[in-house]
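Below is one structure, written out as structure tokens; comments come after it.
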There are 4 protein chains.
Amino acid sequence: MQPQDPGFEARVRASFQRQQVMATLGARLTRVAPGETDVELPFRADLTQQHGFLHAGIVTTILDSACGYAAFSLMPADAAVLSIEFKTNLLAPARGELLVARARVVRAGRTVTVCQADGVMMDGGREVHVATMTATMMTVVGRGVAG
Amino acid sequence: MQPQDPGFEARVRASFQRQQVMATLGARLTRVAPGETDVELPFRADLTQQHGFLHAGIVTTILDSACGYAAFSLMPADAAVLSIEFKTNLLAPARGELLVARARVVRAGRTVTVCQADGVMMDGGREVHVATMTATMMTVVGRGVAG
Amino acid sequence: MQPQDPGFEARVRASFQRQQVMATLGARLTRVAPGETDVELPFRADLTQQHGFLHAGIVTTILDSACGYAAFSLMPADAAVLSIEFKTNLLAPARGELLVARARVVRAGRTVTVCQADGVMMDGGREVHVATMTATMMTVVGRGVAG
Amino acid sequence: MQPQDPGFEARVRASFQRQQVMATLGARLTRVAPGETDVELPFRADLTQQHGFLHAGIVTTILDSACGYAAFSLMPADAAVLSIEFKTNLLAPARGELLVARARVVRAGRTVTVCQADGVMMDGGREVHVATMTATMMTVVGRGVAG
């Protein structure tokens with residue numbers, strides 16, 4: 001994977017900082033490489049569903065941002081990224097101390113980029129695969145959206 | 001759609017109350033009917049992505065809960081509901097004052113229930129269709145999970 | 001839904017004719033309206049899976065073409081349509097005499113169009129809902145692809 | 001991945017033989033391992049869409065069967081497998097001589113198994129990644145369905 005913008009990492013980190021929801025949830029962008037990112041979310045009881053696990057939508061929020069920034073890392077410097085669609089398959093209850101989302105670009109096109117991400121929970125020393133996502137991201141240039 | 005449990009509405013509302021993330025986000029369950037629910041989320045800047053719209057994952061969180069409780073309304077009184085998978089297609093930026101998710105059961109099976117939900121934003125008097133979801137929910141009975 | 005090309009119906013029908021797989025399977029385009037199509041497939045034993053039902057992939061093939069041409073009906077005269085992604089949820093075994101796929105555009109954008117389609121089987125006088133699809137279609141202009 | 005049925009390979013191959021559509025399309029099951037299968041489809045012009053590529057639905061048919069039999073290989077001897085849902089992302093035009101679908105189980109549960117499959121086209125000595133699928137399969141026992 002070859003980034004078009006040598007300043008991709010700073011650009012990705014700056015855009016992640018502008019996602020206010022990431023601060024609200026307590027998520028961190030822990031790794032940026034060309035076509036790849038990791039995003040982490042420490043478990044919080046106030047983000048759970050009725051059985052005390054992280055809500056599937058919150059897991060999805062983290063996977064989606066990880067996918068979006070994996071795609072964004074390969075885009076031109078003046079582009080913005082938008083999610084077109086994603087599917088999440090839930091594999092196991094999201095319990096434990098920390099959710100780690102690992103995203104990678106599967107195919108980067110001029111307009112459309114396809115990404116996959118896996119979510120694992122660190123749960124008392126074990127790493128449990130809790131979710132997998134396939135997402136389609138769109139490159140948007142020159143419509144007045146920044147980053 | 002015929003509910004198996006005449007007390008379905010109270011059961012749905014009690015389980016929604018146990019989803020701590022719904023209170024954290026500020027979401028409300030505004031309608032419960034057999035196989036149908038509405039969930040609403042007032043816009044909040046601290047739930048946005050980098051362009052100031054509600055994050056696609058937050059929209060998905062609301063659509064997923066709406067689908068889950070639409071399915072749950074038709075389940076037996078001792079069942080729990082789990083999301084197996086969902087796909088969200090994003091149709092327009094989620095800007096405005098209020099997100100309304102309207103979910104309905106498409107097919108209720110013994111083990112698997114398929115739901116669809118649409119998300120609309122109330123935006124200065126207009127209603128804009130911003131997202132659509134198809135979700136698969138599982139009925140879980142007798143594994144020590146409640147509601 | 002307003003077609004950009006007044007000759008949309010002839011254009012859709014001509015492109016459907018070029019899908020050789022439709023003739024191979026025995027499928028017919030039975031309705032074309034702006035943003036909507038119906039495609040029908042008579043049941044054939046040689047298109048079945050191991051239990052004697054139409055294979056989920058064959059049902060998907062028909063739903064995908066129906067969605068693609070619903071999208072294509074709204075595109076400019078010089079555009080081509082490509083499937084970006086689709087998800088099929090299978091609701092009931094595809095048995096009976098005839099599969100009818102009914103597709104409609106949910107949102108038509110400049111580059112990306114989102115469609116939904118339902119598949120029903122005519123089964124001894126009953127109409128059974130067997131599958132539902134959400135699909136993303138891309139408008140491609142000027143890359144040397146026709147129709 | 002540990003098969004519950006030591007005779008899994010013969011059981012998978014016998015069920016694949018009963019999928020009449022596989023013979024109709026000319027597909028072959030070329031590899032069976034615990035939780036993994038490969039299915040191949042030689043290119044045929046009569047399976048193409050309007051631009052002369054394999055139709056996305058036909059690609060999906062092959063990926064779905066590959067996923068289904070990857071899941072089935074881990075199921076008990078008296079079980080049947082049914083597709084609940086799948087999503088296909090199309091990555092590149094399916095042109096070339098041969099489609100190879102490689103499927104693997106991501107998580108095998110008692111009732112629900114999640115699989116992923118990648119489709120590549122052998123195209124003049126190159127291997128091109130043309131599609132990726134995530135699928136949910138259901139284990140069905142004791143409802144009068146065999147294999």
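Chain naming here is simple, since letters A, B, ... match the order of the sequence lines and numbering starts at 1 in each. Everything numeric here is computed off the predicted structure, so don't read it as measured data. Reckoned from all heavy atoms, side chains included, excluding hydrogens, waters and symmetry mates.
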Shortest non-hydrogen contact from [X] toward [Y]:
X	Y	value
C:A56	D:D64	CB-OD2, 3.6 Å
D:H55	C:V21	CD2-CG1, 3.5 Å
C:T61	D:I58	OG1-N, 3.5 Å

Checklist entry - Atom CD in C:Q20, atom OG1 in D:T48: separation rounded to 0.5 Å? => result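 Here the interatomic distance stands at 4.0 Å.
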
Item to check | Distance in Å, D:L82 CG paired with C:H51 NE2, rounded so as to fall on 0.5 Å steps | outcome: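 Going from CG on D:L82 over to NE2 on C:H51, the span is 6.0 Å.
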
Next on the checklist: Can you confirm whether C:Q17 is buried at CD, in the sense that more than 12 heavy atoms of other residues, nucleotides or ligands lie under 6.0 Å from that atom?
Outcome noted: no

Item to check | Max heavy-atom pair count under 4.5 Å with chain D, selected residue of C:A23, C:A135, C:A45 | outcome: C:A45

Item to check | Part of residues 83-92 of chain D lying next to chain C, heavy-atom separation under 4.5 Å | outcome: D:S83, D:I84, D:E85, D:F86, D:K87, D:T88, D:N89, D:L90

Checklist entry - Under 3.5 Å, is there a donor-acceptor pair between the side chain of C:T24 and the main chain of D:L47? => result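 No; zero donor-acceptor contacts below 3.5 Å.
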
Item to check | D:F72 vs C:Q50, side-chain contact (heavy atoms from CB on, under 4.5 Å): CA-CA, chis, key distance, verdict | outcome: CA-CA 12 Å; D:F72 192 55; C:Q50 71 278 19; over 6 Å; no

